Amino acid sequence: MKIHVSGILRKYVDYRKDLAYEAPTVRAGLDQLCAEYPQLATILFEGNGDLSAVHRLFLNGNQLASDTLDEPATANDTIDIITAIAGGAHP
């Protein structure tokens with residue numbers, strides 16, 4: 001699978017945009033990514049292993065929740081990791 005890291009998260013993966021891993025599930029691919037870049041794990045995941053609320057994961061364009069990380073994945077799949085941006089209008 002290809003994992004695309006966007007925005008500020010790239011500093012945790014040596015500023016690489018795309019990384020490739022062979023893994024049977026999304027979680028296994030993320031585990032490999034975080035094993036290679038341990039600092040990223042502390043940013044992406046909460047202490048209980050759930051995905052941090054400020055990040056979004058997409059598998060082939062479809063958003064994943066923390067409880068769907070065991071979805072099967074193939075070498076042709078792409079996972080996008082995006083940091084959500086909060087904000088709003090000022091009065």
Side-chain angles (χ1 to χ4, degrees):
M1 76 182 60
K2 183 167 97 175
I3 299 179
H4 175 85
V5 181
S6 66
I8 194 167
L9 294 177
R10 285 191 192 145
K11 74 179 184 177
Y12 298 102
V13 294
D14 296 332
Y15 294 94
R16 296 177 64 194
K17 182 178 178 180
D18 295 308
L19 302 105
Y21 298 96
E22 288 188 32
T25 65
V26 172
R27 184 181 307 277
L30 293 173
D31 287 346
Q32 290 179 33
L33 173 68
C34 290
E36 187 172 355
Y37 301 99
Q39 284 187 313
L40 183 63
T42 62
I43 302 299
L44 275 184
F45 296 100
E46 302 290 340
N48 63 2
D50 286 344
L51 183 66
S52 172
V54 299
H55 302 295
R56 302 290 182 265
L57 292 179
F58 295 85
L59 175 61
N60 301 322
N62 297 311
Q63 187 170 353
L64 296 175
S66 283
D67 63 349
T68 60
L69 298 183
D70 292 315
E71 294 286 321
T74 69
N76 296 323
D77 288 328
T78 299
I79 298 170
D80 292 291
I81 304 173
I82 299 171
T83 302
I85 298 174
H90 293 280

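Everything numeric in this text was worked out from a predicted model, so none of it was measured.
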**Q** Would the number of heavy atoms belonging to other residues, nucleotides or ligands and lying under 6.0 Å from CD of Glu22 be above 12?
**A**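 It does not: Glu22 CD has 12 such atoms or fewer within range.
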**Q** Just verifying a value: how many Å separate Ile3 CD1 and Leu33 CG, rounded to the nearest 0.5 Å?
**A** 4.5 Å
**Q** For Ile82, what are the other residues in its hydrophobic cluster, where any two members join if their side-chain heavy atoms are less than 4.5 angstrom apart?
**A**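 For the cluster that includes Ile82, the remaining residues are Phe58.
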**Q** Nearest 0.5 Å, please: how far is CG in Asp80 from CG in Leu64?
**A**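 If we round to the nearest 0.5 Å, Leu64:CG and Asp80:CG are 10.0 Å apart.
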**Q** Which residues end up grouped with Tyr15 if you chain together Ile, Leu, Val, Met, Phe, Trp and Tyr wherever their side-chain heavy atoms are less than 4.5 Å apart?
**A** none
**Q** Please name the pair of heavy atoms, one in Phe45 and one in Cys34, separated by the smallest distance, quoted to 0.1 Å.
**A**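 Shortest heavy-atom separation between Phe45 and Cys34 comes out as CE1-SG, 4.0 Å.
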**Q** Would you compute the distance between atom CZ of Arg56 and atom CD1 of Ile81 and round it to the nearest 0.5 angstrom?
**A**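 CD1 of Ile81 is found 13.5 Å from CZ of Arg56.
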**Q** What pair of heavy atoms forms the shortest contact from Asp77 to Pro72, and how long is it?
**A**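 Heavy atoms of Asp77 and Pro72 come nearest at OD2-O, 4.2 Å.
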**Q** At what distance, to the nearest 0.5 angstrom, does NE2 of His4 lie from CG of Leu19?
**A**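 Reported to 0.5 Å precision, the distance equals 10.5 Å.
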**Q** State whether the side chain of Asp14 and the backbone N or O of Arg16 hold a donor-acceptor pair below 3.5 Å, judged by distance alone.
**A** no
**Q** For the residue pair His55 and Leu9, establish whether any side-chain heavy-atom pair is separated by less than 4.5 Å.
**A**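 Yes, close enough: below the 4.5 Å cut-off.
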**Q** Hey, is CD on Gln39 packed in by over 12 heavy atoms from elsewhere, all under 6.0 Å?
**A**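 Not more than 12 within 6.0 Å, no.
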**Q** What distance do Leu30 atom CG and Leu57 atom CG have between them, rounded to the nearest 0.5 Å?
**A** 5.5 Å
**Q** Kindly give the heavy-atom pair with the smallest separation between Thr25 and Asp70, and that separation in Å.
**A** CG2-O, 3.6 Å
**Q** Between Asn76 and Asn60, what is the shortest heavy-atom contact and its length?
**A**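 So the minimum-distance heavy-atom pair works out to O-OD1, 4.4 Å.
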**Q** Over all heavy atoms of both residues, which pair between Ala73 and Met1 is shortest? Give the atoms and the distance, please.
**A**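 Closest heavy-atom pair between Ala73 and Met1: CB-CE, 3.4 Å.
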**Q** Provide the closest heavy-atom pair for Glu71 versus Leu59 in the form atom of the first, atom of the second, distance.
**A** CB-CD2, 4.4 Å
**Q** Hey, could you give me the CG/CZ distance between Asp18 and Arg10, rounded to the nearest 0.5 Å?
**A** 8.0 Å
